[in-house]
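The block underneath contains the structure these notes are about, expressed in structure tokens.
Positions are given from 1, in the same order as the sequence printed here. Every number for a ligand or one of its atoms is a count from 1 in the order of the listing.
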Amino acid sequence: MIIEYHRPETMEQAKKLLSRSKPLTIPLGGGTLVSHPSQDPVAVVDLQALGLDKINNDESIIKIGAMVRLQSLVESSILPEGLSHSARRETNINIRRAATIGGLMMTAGGNSPLLGCFLSLDARLYWEPGDKFIYLSEWIGKNREQKPGKLITSIEFTLPERILYEDIARSAEDRPIVYVVASIWKTQETRVVVGGAGKYPVVASDSSNNLFTKIFDRHAISSILDRYGYDAYQQAAIQTLIDRITPHKSMFGRKGDE
Ligand SMILES: Cc1cc2nc3c(=O)[nH]c(=O)nc-3n(C[C@H](O)[C@H](O)[C@H](O)COP(=O)(O)OP(=O)(O)OC[C@H]3O[C@@H](n4cnc5c(N)ncnc54)[C@H](O)[C@@H]3O)c2cc1C
């Protein structure tokens, strides 16, 4: 139950409100989840007047404000196609027009194509107070409930050369049953993430961690997916998707492996 609504015009005012312990005071993004009926009294701080709704590209560093709507990712001309595509696969257009990147970071699970795409991009989240950043993988790898601050202000990543995205869904309008997303940078650094089950998407391969060969090793992938609760059908479907995104294995930096 929302008992107070605030719409601060400066970050200082927002931080002051969010630092209160009573009543429980939380950020309000698009409100698609916060507006659900609940018995718990809560005060909300609407972030929409703080200018957090921009997407910037500064020398291949992309910065997306926490109040950017999911639909803006679909429509943006400066974002890689794979990212826009995963945003479109996230949910229907009505929710995409309201829900924000900040809200998604706080709530999305293992079946979220967009969360998987940001994990594959090795994205960093900026938090207030303190303007400190944390890698998304590090934060959700520990415990997402333990927040590094009161509010997310932006999400940032280095633009890859390309993002490959594939999924399987019951229909073109349904949320995917499984998906695979790979970000590949000019340096050949590559991160492959799979999703469809569990609390978070799974980083299946990260060239900077020497786990790289695992995406070509069916047995290794299956044992990772087993641990995350993927059933036999999902595991088989993921193998098919990995085959689809790796028609030429040398694309992932392993010479003579085609
Ligand atoms: C009909 C319906 C269908 C839905 N379908 C889907 C779906 O298919 N897939 C899916 O993933 N979700 C779905 N959702 C859930 C919801 O839309 C998403 O989780 C959405 O991403 C939440 O974003 P929001 O901006 O609306 O968050 P809000 O509802 O505003 O907030 C959600 C949580 O995030 C916190 N928060 C928001 N912004 C910030 C910030 N900047 N910093 C720190 N904390 C913040 C809030 O305090 C709150 O705890 C659906 C919801 C509805 C009502």
Looking at [X], which atoms of ligand 1 are within less than 4.0 Å of one of its heavy atoms?
X: T107; result: 18 (C), 19 (O), 21 (O), 22 (C), 32 (C), 33 (C)
X: H36; result: 53 (C)
X: L104; result: 21 (O), 23 (O)
X: G102; result: 38 (N), 39 (C), 41 (N)
X: A66; result: 41 (N)

Heteroatom proximity flag, [X] to ligand 1, N/O under 3.5 Å:
X: L33; value: yes
X: L151; value: no
X: I152; value: yes
X: L70; value: no
X: T32; value: yes
X: M106; value: no
X: T91; value: yes

Any idea which protein heavy atom is nearest [atom], and the distance to it?
atom: atom 48 (C) of ligand 1; answer: V34 CG2, 3.6 Å
atom: atom 38 (N) of ligand 1; answer: G103 N, 3.5 Å
atom: atom 24 (P) of ligand 1; answer: G30 N, 3.4 Å
atom: atom 52 (C) of ligand 1; answer: I95 CD1, 3.6 Å
atom: atom 49 (O) of ligand 1; answer: I26 CD1, 4.4 Å

Could you check whether atom NZ of K142 has more than 12 heavy atoms from other residues, nucleotides or ligands sitting under 6.0 Å from it?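 For K142, atom NZ is not crowded (no more than 12 foreign heavy atoms under 6.0 Å).
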
- Query: Do other residues, nucleotides or ligands put more than 12 heavy atoms under 6.0 Å from K16 NZ?
  - Reply: no

Candidates G31, S35, P27; heavy atom nearest atom 47 (O) of ligand 1 found on P27

**Report entry** Q13-E9 side chain donor-acceptor pair, cut-off 3.5 Å
**Finding:** no

| task | Would you check if there is a donor-acceptor pair between the side chains of Q48 and D46 at a distance under 3.5 Å? | result | yes

- Which is it for R175 and ligand 1 at heavy atoms under 4.0 Å: side chain, backbone, both or neither?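 Side chain only; the backbone of R175 stays clear of ligand 1.
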
Worked verdict on R124 versus T158 for side-chain contact (heavy atoms from CB on, under 4.5 Å)
CA-CA 10 Å; R124 310 168 277 277; T158 305; 3.9 Å; yes

Assign the ring pair W139 / W127 to parallel, tilted or perpendicular, where the plane angle (0 to 90°) is split at 30° and 60°.
perpendicular

Would you sort out whether V194 and Y228 count as a side-chain contact (heavy atoms from CB on, under 4.5 Å), showing the intermediate values?
-> CA-CA 11 Å; V194 306; Y228 285 87; over 6 Å; no

Could you pull out the closest heavy-atom pair between R175 and A169, with the gap in Å?
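Smallest interatomic distance, heavy atoms only, reads O-CB, 3.9 Å.
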
In terms of heavy-atom contacts, P201 and L115 come closest through CD-CD2, 3.6 Å

- [ ] Mark yes or no for whether Q239, through its side chain, and A236, through its backbone, hold a donor-acceptor pair below 3.5 Å.
- [x] no

Check the pair V193, F118 against side-chain contact (heavy atoms from CB on, under 4.5 Å), reporting the backbone distance first and the verdict last. CA-CA 9 Å; V193 170; F118 280 116; over 6 Å; no

Worksheet item: Nearest 0.5 Å, what's the OG1-CG distance between T91 and L114?
Response: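 Rounded to the nearest 0.5 Å, the OG1-CG separation comes to 11.0 Å.
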
Do you see a protein non-hydrogen atom under 4.0 Å from atom 32 (C) of ligand 1?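 Yes, there is a protein heavy atom closer to it than 4.0 Å.
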
